[in-house]
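What follows is one structure encoded as structure tokens, with my remarks underneath.
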Amino acid sequence: MGRFWIFIAAVLGALSVAAGAIGAHEVTADASRQAFASAALYHTLHALALLGVGVVLFISQGWRTRVGTIFLNLAALLFVVGIVLFSGGIYARHTEIFATPFGVVPAGGAALIGGWLAFAIGALGLRR
């Protein structure tokens with residue numbers, strides 16, 4: 001599963017650069033530009049966090065507990081969901097592509113927090 005998450009992290013990293021460029025060059029309102037920049041920053045940081053989880057999964061094969069594996073994969077999933085809901089919700093709201101339902105962005109933030117907590121628990125399942 002580690003290689004899969006590394007691949008997804010790389011794709012999300014590329015998309016974060018594209019989103020940052022769109023925000024810098026296409027978004028005209030100052031408040032929207034600032035929100036877009038914050039969303040792109042969180043998008044980038046959590047793509048890197050996902051990369052970290054993928055690398056840990058890849059290099060720790062054979063020396064992690066089953067619980068560690070479950071929580072590391074859960075962390076990866078929560079990072080992806082968090083990026084889509086948190087950053088994606090802000091992108092959509094400030095480019096006026098569509099109105100995001102109330103609670104999408106906070107739910108994405110909660111998923112990002114959950115991803116970090118799952119990563120911490122998963123790290124406790126590493127043996128060596």
Side-chain angles (χ1 to χ4, degrees):
M1 242 2 233
R3 278 198 286 180
F4 172 76
W5 293 124
I6 293 169
F7 171 79
I8 297 298
V11 170
L12 287 172
L15 290 174
S16 75
V17 174
I22 290 168
H25 299 290
E26 299 297 325
V27 178
T28 55
D30 285 340
S32 291
R33 184 175 283 162
Q34 187 175 12
F36 217 88
S38 292
L41 175 64
Y42 276 85
H43 184 160
T44 303
L45 292 173
H46 287 89
L48 290 171
L50 177 59
L51 177 63
V53 172
V55 168
V56 168
L57 280 165
F58 186 77
I59 65 172
S60 67
Q61 288 179 333
W63 49 273
R64 64 178 180 266
T65 65
R66 185 167 186 261
V67 171
T69 301
I70 290 168
F71 275 94
L72 288 170
N73 281 295
L74 177 62
L77 179 62
L78 287 170
F79 284 143
V80 172
V81 169
I83 290 169
V84 170
L85 294 180
F86 182 81
S87 295
I90 293 172
Y91 297 149
R93 181 179 301 156
H94 289 279
T95 55
E96 300 174 356
I97 294 172
F98 59 88
T100 55
F102 180 76
V104 168
V105 174
L112 294 174
I113 294 167
W116 285 109
L117 295 173
F119 195 3
I121 295 168
L124 294 175
L126 298 176
R127 297 181 254 152
R128 195 153 190 181

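As a basis for the values below, the full set of heavy atoms in this structure was taken, side chains included, without hydrogen atoms, waters or symmetry mates.
- The environment of Arg127 atom CZ is dense: over 12 non-hydrogen atoms of other residues, nucleotides or ligands sit within 6.0 angstrom.
- The nearest pair of heavy atoms linking Val27 to Gly23 is CB-O, 3.6 Å.
- Transitive grouping of hydrophobic side chains (ILVMFWY, heavy atoms separated by less than 4.5 Å) keeps Val84 and Leu78 in distinct clusters.
- Taking all atoms of both residues into account, the shortest heavy-atom contact from Ile90 to Ala35 is CG2-O, 3.5 Å.
- Contact detail for Trp5 and Val80: the closest heavy-atom pair is CZ3-CG2, 3.9 Å.
- Annotation: side-chain hydrogen bond (donor to acceptor under 3.5 Å, both in side chains) contacts of Ser32 (sequence neighbours excluded): His94.
- Here ring-ring contact (aromatic ring centres under 6.0 Å, His included) pairs that include residues 104-128, with residues two or more places apart or in two chains, are His46-Trp116, Phe79-Trp116.
- Contact record, Gly108 with Leu85: CA-CB, 3.5 Å, taken as the closest heavy-atom pair.
- The side chain to side chain contact (heavy atoms under 4.5 Å, CB included) test applied to Thr69 returns Arg64, Asn73, not counting sequence neighbours.
- By the rule that hydrophobic residues join a cluster once side-chain heavy atoms approach within less than 4.5 Å of another member, Ile6 and Leu57 end up as members of separate clusters.
- In plain terms, the two heavy atoms of Ala39 and Ser87 that are nearest each other are O-OG, 2.9 Å.
- The stretch residues 15-34 participates, sequence neighbours left out, in no ring-ring contact (aromatic ring centres under 6.0 Å, His included) pair at all.
- There is no path of hydrophobic side-chain contacts, each under 4.5 Å, that joins Leu112 to Leu51.
- When hydrophobic clusters are built by joining Ile, Leu, Val, Met, Phe, Trp and Tyr residues whose side-chain heavy atoms come closer than 4.5 Å, directly or via intermediates, Ile8 is grouped together with Leu15.
- Among residue pairs with one or both ends in residues 51-72, none qualify as ring-ring contact (aromatic ring centres under 6.0 Å, His included); sequence neighbours excluded.
- Of all the heavy atoms in Ala111 and Val81, the pair that sits closest is CB-CG1, 4.2 Å.
- The one candidate from Leu48, Leu50, Thr44 that meets the side chain to side chain contact (heavy atoms under 4.5 Å, CB included) condition with Leu12 is Leu50.
- Partners of Tyr91 under the side-chain hydrogen bond (donor to acceptor under 3.5 Å, both in side chains) rule, at least two apart in sequence or in another chain, are His43.
- Residues Val105 and Arg93 have side chains in contact (heavy-atom distance under 4.5 Å, counting atoms from C-beta outward).
- Between the CG atom in Leu126 and the OG1 atom in Thr65 there is a gap of 7.5 Å [rounded to 0.5 Å].
- Hydrophobic clustering (side-chain heavy atoms under 4.5 Å, transitive across Ile, Leu, Val, Met, Phe, Trp, Tyr) groups Met1 together with Ile83.
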